[in-house]
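Step one of this worksheet: look at the structure below.
Remember, it's a predicted structure, so these values are computed and weren't measured experimentally. This chain uses plain numbering: 1 for the first residue, then up along the sequence.
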Amino acid sequence: MRILVLCKRAPFPVTDGESLRIFNHARGLRAAHELDLVCTGSGEPPAELHALFGSVTVLPARRASAPATLLARLRAAFSVAAFAPPFEAVRAHLQELLRSRHYDVIWTSTDMVTSIPAAAGVPILTDVCDDGVLLLERELARTRGLLPRARVFKRIQVAKKFERRVFGPTDACL
């Protein structure tokens, strides 16, 4: 099987739960599958990644720009698109890559799923490392003050909407 791994930052060195999961799952899969990596960051990726993946592409970590006007920013406050805007360079690269290469599955981390072109034509496995709503509900329980609690509550509502809209159409979640 040919797998395109799409993550926010290079999964090596292992610095957090996301990179730990991706690096170790990829190590286990590489014996029986072809793996390519697309991630955001800067600089040359470590040799450990070139040994693990057939190809490694590192793209700029710029997301879509924030709205300029106050009204647009207020509207974006409850927007799924503003919650996790796509990485522009990743989306453009994937459009070109998927025209020239066949993949059996795109395995993506949570933040990157919005960067996959709508008509990718490849099954998508989203690796949801953390339960964002649960983390925010725990934060709400610790937060004091009406305005700070209202902000966290708003983030919970957007996170719920994000999970339904973005994870719902994917083929599977890990």
Side-chain angles (χ1 to χ4, degrees), residues 1-12 14-42 45 48-65 76 78-136 155-174:
M1 184 183 298
R2 187 171 219 177
I3 302 170
L4 175 60
V5 180
L6 181 60
C7 53
K8 186 167 52 176
R9 60 191 155 276
F12 193 87
V14 175
T15 57
D16 57 26
E18 182 179 299
S19 59
L20 175 74
R21 288 169 59 91
I22 291 169
F23 184 77
N24 285 305
H25 284 313
R27 277 189 3 191
L29 290 168
R30 74 174 173 190
H33 305 284
E34 292 180 50
L35 302 167
D36 290 338
L37 174 68
V38 173
C39 62
T40 62
S42 60
E48 289 84 355
L49 293 181
H50 290 289
L52 188 59
F53 297 96
S55 72
V56 177
T57 305
V58 180
L59 298 166
R62 289 185 301 275
R63 291 187 185 255
S65 58
F78 289 92
S79 163
V80 168
F83 184 76
F87 289 91
E88 300 289 343
V90 172
R91 180 175 279 171
H93 177 75
L94 290 178
Q95 285 176 328
E96 290 300 314
L97 180 64
L98 295 173
R99 283 189 202 126
S100 62
R101 265 195 155 144
H102 167 76
Y103 289 96
D104 297 298
V105 67
I106 297 174
W107 167 24
T108 181
S109 61
T110 303
D111 280 7
M112 299 301 282
V113 70
T114 58
S115 300
I116 299 171
V122 179
I124 299 169
L125 169 65
T126 303
D127 193 346
V128 185
C129 294
D130 296 316
D131 183 335
V133 174
L134 179 61
L135 292 173
L136 288 168
R155 289 174 49 214
I156 290 170
Q157 300 315 306
V158 175
K160 285 179 179 179
K161 193 161 91 172
F162 171 82
E163 288 180 2
R164 280 191 303 273
R165 279 209 195 136
V166 176
F167 299 155
T170 62
D171 297 280
C173 290
L174 173 65

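- With sequence neighbours left out, R91 forms a salt bridge (charged side-chain N to carboxylate O under 4.0 Å, His left out) with no residue at all.
- Among residues at least two apart or in separate chains, there is no side-chain hydrogen bond (donor to acceptor under 3.5 Å, both in side chains) pair with a member in residues 156-174.
- Residues L37 and P45 are not in side-chain contact: their nearest non-hydrogen atoms beyond the backbone lie 4.5 Å or more apart.
- Applying the side chain to side chain contact (heavy atoms under 4.5 Å, CB included) criterion to V166, with sequence neighbours excluded, gives V80, V113, T114, F162.
- Residues M112 and V38 are not in side-chain contact: their nearest non-hydrogen atoms beyond the backbone lie 4.5 Å or more apart.
- Among residues two or more places apart in sequence or in another chain, the side chain to side chain contact (heavy atoms under 4.5 Å, CB included) test is passed with R155 by L136, E139, V152.
- L4 pairs in a side-chain contact (heavy atoms from CB on, under 4.5 Å) with only one of the listed residues (L97, V105, D104), which is L97.
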Next on the checklist: One pair to check against side-chain contact (heavy atoms from CB on, under 4.5 Å): F87 and L59. What are the steps and the verdict?
Outcome noted: CA-CA 9 Å; F87 289 91; L59 298 166; over 6 Å; no
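- Of all the heavy atoms in C7 and S109, the pair that sits closest is CA-OG, 3.5 Å.
- Sequence neighbours left out, the pairs with a member in residues 49-61 that pass side-chain hydrogen bond (donor to acceptor under 3.5 Å, both in side chains) are D36-S55, E44-H50.
- With C39 as the partner, the side-chain contact (heavy atoms from CB on, under 4.5 Å) test is satisfied by one option alone out of V58, V90, V5: V58.
- Contacts of V122 classified as side chain to side chain contact (heavy atoms under 4.5 Å, CB included), with partners at least two apart in sequence or in another chain: L98, Y103, I106.
- Take E34 and apply the salt bridge (charged side-chain N to carboxylate O under 4.0 Å, His left out) test, not counting sequence neighbours, and it matches R2.
- Remark: L29 engages I3, H33, L35, W107 in a side chain to side chain contact (heavy atoms under 4.5 Å, CB included) (not counting sequence neighbours).
- In this structure, L94 and S115 approach most closely via the heavy-atom pair CD1-O, 3.8 Å.
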What side-chain donor-acceptor pairs closer than 3.5 Å can you find for residues 17-24, not counting sequence neighbours?
from: S19; atom 1: OG; to: T15; atom 2: N; distance (Å): 3.0
from: S19; atom 1: OG; to: D16; atom 2: N; distance (Å): 3.2
from: S19; atom 1: OG; to: D16; atom 2: O; distance (Å): 3.1
from: S19; atom 1: OG; to: D16; atom 2: OD1; distance (Å): 2.9
from: R21; atom 1: NE; to: D127; atom 2: OD1; distance (Å): 3.0
from: R21; atom 1: NH2; to: D127; atom 2: OD1; distance (Å): 2.4
from: N24; atom 1: ND2; to: L20; atom 2: O; distance (Å): 3.1

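- The shortest heavy-atom contact between R30 and A51 is NH1-O, 3.9 Å.
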